[in-house]
Protein chains: 2
Amino acid sequence: MPATASSARSERPEAAPKKGGIRRAKEAQILRAAERVFARTGFAGARMADIAAAARLPKPNLHYYFRSKRALYRAVLANILELWLAETDIIAADADPAAALGHYVRAKMRFSRFYPDASRVFANEIIHGAPEIGGFLRQELKALVERKSAAISAWVAERRMAPLDPRHLFFAIWAMTQTYADFATQIEAVLGVPALGEDEFAAATEEVVRLVLRGCGLDGAPKSRVSAARPSRRRPPVGSSG
Amino acid sequence: MPATASSARSERPEAAPKKGGIRRAKEAQILRAAERVFARTGFAGARMADIAAAARLPKPNLHYYFRSKRALYRAVLANILELWLAETDIIAADADPAAALGHYVRAKMRFSRFYPDASRVFANEIIHGAPEIGGFLRQELKALVERKSAAISAWVAERRMAPLDPRHLFFAIWAMTQTYADFATQIEAVLGVPALGEDEFAAATEEVVRLVLRGCGLDGAPKSRVSAARPSRRRPPVGSSG
DNA sequence: CAATTTTCTGACCGTTTGGTCAAGTTCTCC
DNA sequence: GGAGAACTTGACCAAACGGTCAGAAAATTG
């Protein structure tokens, strides 16, 4: 897949893939601003003028790089889907169920911590019926879940973990981890803190990991506590899969 | 708390609590339609004309009963919060942790099944920073979680369940159960079904219950499998509480 | 250093949308 | 049954918003 976000999900060539020098930088700048605004107010609530202001550019400049509001929104989504898949792919052919699931949950929690706006845009899109990424969900995501589920089912068959439907396990893990981004406002309110900082996320991560592992019948101390380094945005650690 | 939804969260008297005969019925009719439309497109995306159409009323009629779009939105939210709290209150002073948590999860899953639009409006509001119900989250909800958490902490202290932070357990349960309403589109796509029916919800409920109970160190067969009767909307089973 | 392409931007426009209004119609209650 | 309140609605705004355009500035190129 070409890295240029403006190519969205291909479809039409959309302004030919000219690799203008300035273009790439400005598009990224606009996409960042757009992600923030879309996350805060949703697609309909976001105003092009606000995005322009957030990107510190005059409004017509946005339309120079992105045909329309919807095109910009789709570009933002395309950007996010890449990230989402990359993080999800971490659950590789790890030999040990506990380690694999632990890594996966931790990766998801890092995602919620470092890309909360991306998570919120994604959540918003799905809540409203996924009008733009329905195809992605039914194709790529479904296929990915089926691949990963096969591995987990194997572990279940080998009595290496409690019997469960892997697909619902995925739903549960996605929900539990993404809630720390999407519902951060609620969590902050209940915890009585102004914002979820490193401490809160560390605590939350441990709780979720324990809950998931125990829930899967996988006790024992979690192995590697990888330092919570910020994953590089443009070159995510795309592990194998299959 | 007065049942009239239009009283919202009080604040201003808002059109005096006149109990017009027709008023009550029409307001309910409008609120139902508004909930559906707000759930599908969010606050900003919803158009008064669409709500009017959904309610089968001319647009000015909406403004006769609700001052403004925002007032209508708040009324819808107030409606939802009542429901939300009621369902949450089910986790009473149940003697048995497994039974209590099991009941709670099942109640939440019923909520997702029967009031998906309510759940989506709520989710939307929170994702966008809870501009209207921030106070509710910091007051009522926080207090409720603290009360319930005390009970769970007691169980933990008595070694009746695995050690964990009850607040994060709540976040996890909310996330896992609400995802079947808010993210139904995604789940349907991954499962490859056109809609989540009774079968899917039954299966999902069992998976989530097992995951939670096992995750809390509470194994053993789930006790009562209460028939999944639709809870009455206006008179929810308000149990006592702490 | 032209010539030409790419990038930038102030001013402008057509539509959409929340909200209003005044003139009805129906209900309520004595 | 009639006076007054409650309710209904077609016609109408003003503001907001996505999008356009023509011309100016930079970049790029030969």
Side-chain angles (χ1 to χ4, degrees), chain A residues 4-8 12-31 33-34 37-38 40-77 131-132, chain B residues 4-8 12-31 33-35 37-38 40-77 128 131-132:
Chain A
T4 314
S6 70
S7 70
R12 281 159 300 176
E14 186 166 332
K18 291 166 188 167
K19 56 187 177 88
I22 300 183
R23 196 175 191 90
R24 198 182 302 265
K26 280 292 168 66
E27 280 182 356
Q29 176 181 352
I30 293 171
L31 285 171
V37 175
F38 281 134
R40 270 163 188 50
T41 54
F43 173 75
R47 286 164 303 188
M48 291 298 273
D50 286 351
I51 297 175
R56 295 171 172 280
L57 289 173
K59 194 178 58 158
N61 214 328
L62 264 60
H63 283 93
Y64 175 72
Y65 288 107
F66 297 93
R67 215 184 293 292
S68 65
K69 183 183 179 183
R70 181 145 170 254
L72 174 55
Y73 178 63
R74 294 180 66 126
V76 169
L77 278 177
E132 304 294 345
Chain B
T4 313
S6 69
S7 71
R12 280 159 299 175
E14 185 166 333
K18 292 167 187 166
K19 56 188 179 84
I22 300 181
R23 195 173 193 94
R24 196 181 304 264
K26 280 291 169 64
E27 279 183 355
Q29 177 181 352
I30 293 171
L31 285 172
E35 182 179 281
V37 174
F38 282 133
R40 272 166 187 46
T41 54
F43 173 75
R47 284 165 305 189
M48 291 297 274
D50 287 350
I51 297 175
R56 295 171 173 280
L57 289 174
K59 193 178 59 155
N61 214 328
L62 264 60
H63 282 93
Y64 175 74
Y65 288 108
F66 297 93
R67 216 181 292 294
S68 65
K69 184 183 181 185
R70 183 146 170 253
L72 174 55
Y73 178 63
R74 296 180 65 125
V76 169
L77 278 177
H128 296 348
E132 304 293 347

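Computed from a prediction, not measured in an experiment: that's the story for all the values here. Chain naming here is simple, since letters A, B, ... match the order of the sequence lines and numbering starts at 1 in each.
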With under 30° as parallel and over 60° as perpendicular, where do the rings of A/Phe43 and A/Phe38 fit, or are they tilted in between?
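Parallel.
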
Between [X] ([atom1]) and [N] ([atom2]), how many Å, whole number?
{"X": "A/Phe43", "N": "D/dC17", "atom1": "CZ", "atom2": "P", "value": "14 Å"}
{"X": "A/Glu27", "N": "C/dT6", "atom1": "CD", "atom2": "C1'", "value": "13 Å"}
{"X": "A/Tyr73", "N": "D/dC17", "atom1": "OH", "atom2": "P", "value": "19 Å"}
{"X": "B/Arg47", "N": "C/dT17", "atom1": "CZ", "atom2": "P", "value": "4 Å"}
{"X": "A/Met48", "N": "C/dT15", "atom1": "CE", "atom2": "P", "value": "20 Å"}
{"X": "A/Arg67", "N": "D/dT20", "atom1": "CZ", "atom2": "C1'", "value": "14 Å"}
{"X": "B/Tyr64", "N": "D/dC7", "atom1": "OH", "atom2": "P", "value": "4 Å"}

Verify the contact: side-chain N or O of B/Tyr65 to OP1 or OP2 of D/dA6, cut-off strictly under 4.0 Å; return yes or no.
no

According to side-chain hydrogen bond (donor to acceptor under 3.5 Å, both in side chains), who are the partners of B/His128, at least two apart in sequence or on a separate chain?
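Here the qualifying residues are A/Asn124.
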
Enumerate all atom pairs, one protein N or O and one N or O from nucleotides 22-28 of chain D, separated by less than 3.5 Å.
none

Compare the minimum distances between each of D/dG19, D/dC7, C/dG19 and the side chain of B/Arg23, then state the nucleotide with the smallest one.
D/dC7

Output the single nucleotide from C/dG18, C/dT7, D/dC7 whose closest atom is nearest the side chain of B/Lys69.
C/dG18

What is the minimum heavy-atom distance between B/Val37 and B/Ala54, and which atoms define it?
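Taking B/Val37 first and B/Ala54 second, the nearest heavy atoms are CG2-CB, 4.2 Å.
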
For the student: nearest non-hydrogen atoms of B/Ala44 and A/Gly45, plus distance:
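Minimum heavy-atom separation between B/Ala44 and A/Gly45: CB-CA, 3.2 Å.
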
Mind checking what makes side-chain contact (heavy atoms from CB on, under 4.5 Å) contact with B/Arg47, not counting sequence neighbours?
B/Asp50

Contacts under 3.5 angstrom, residues 55-62 of chain B side chains, donor-acceptor by atom type, not counting sequence neighbours:
none

The correct set of residues in residues 50-63 of chain A placing a heavy atom under 4.0 Å from DNA chain D is A/Lys59, A/Pro60, A/His63

Is any side-chain heavy atom of A/Gln29 closer than 4.5 Å to a side-chain heavy atom of A/Lys26?
yes

Is A/Ala46 touching bases, backbone alone, or none of the nucleic acid, heavy atoms closer than 4.0 Å?
sugar-phosphate

Face-on cation placement of A/Arg74 at A/Phe66 ring, 6.0 Å and 45° thresholds
no

Mind checking the CD1-OH spacing from A/Ile30 to A/Tyr64? Nearest 0.5 Å is all I need.
11.0 Å

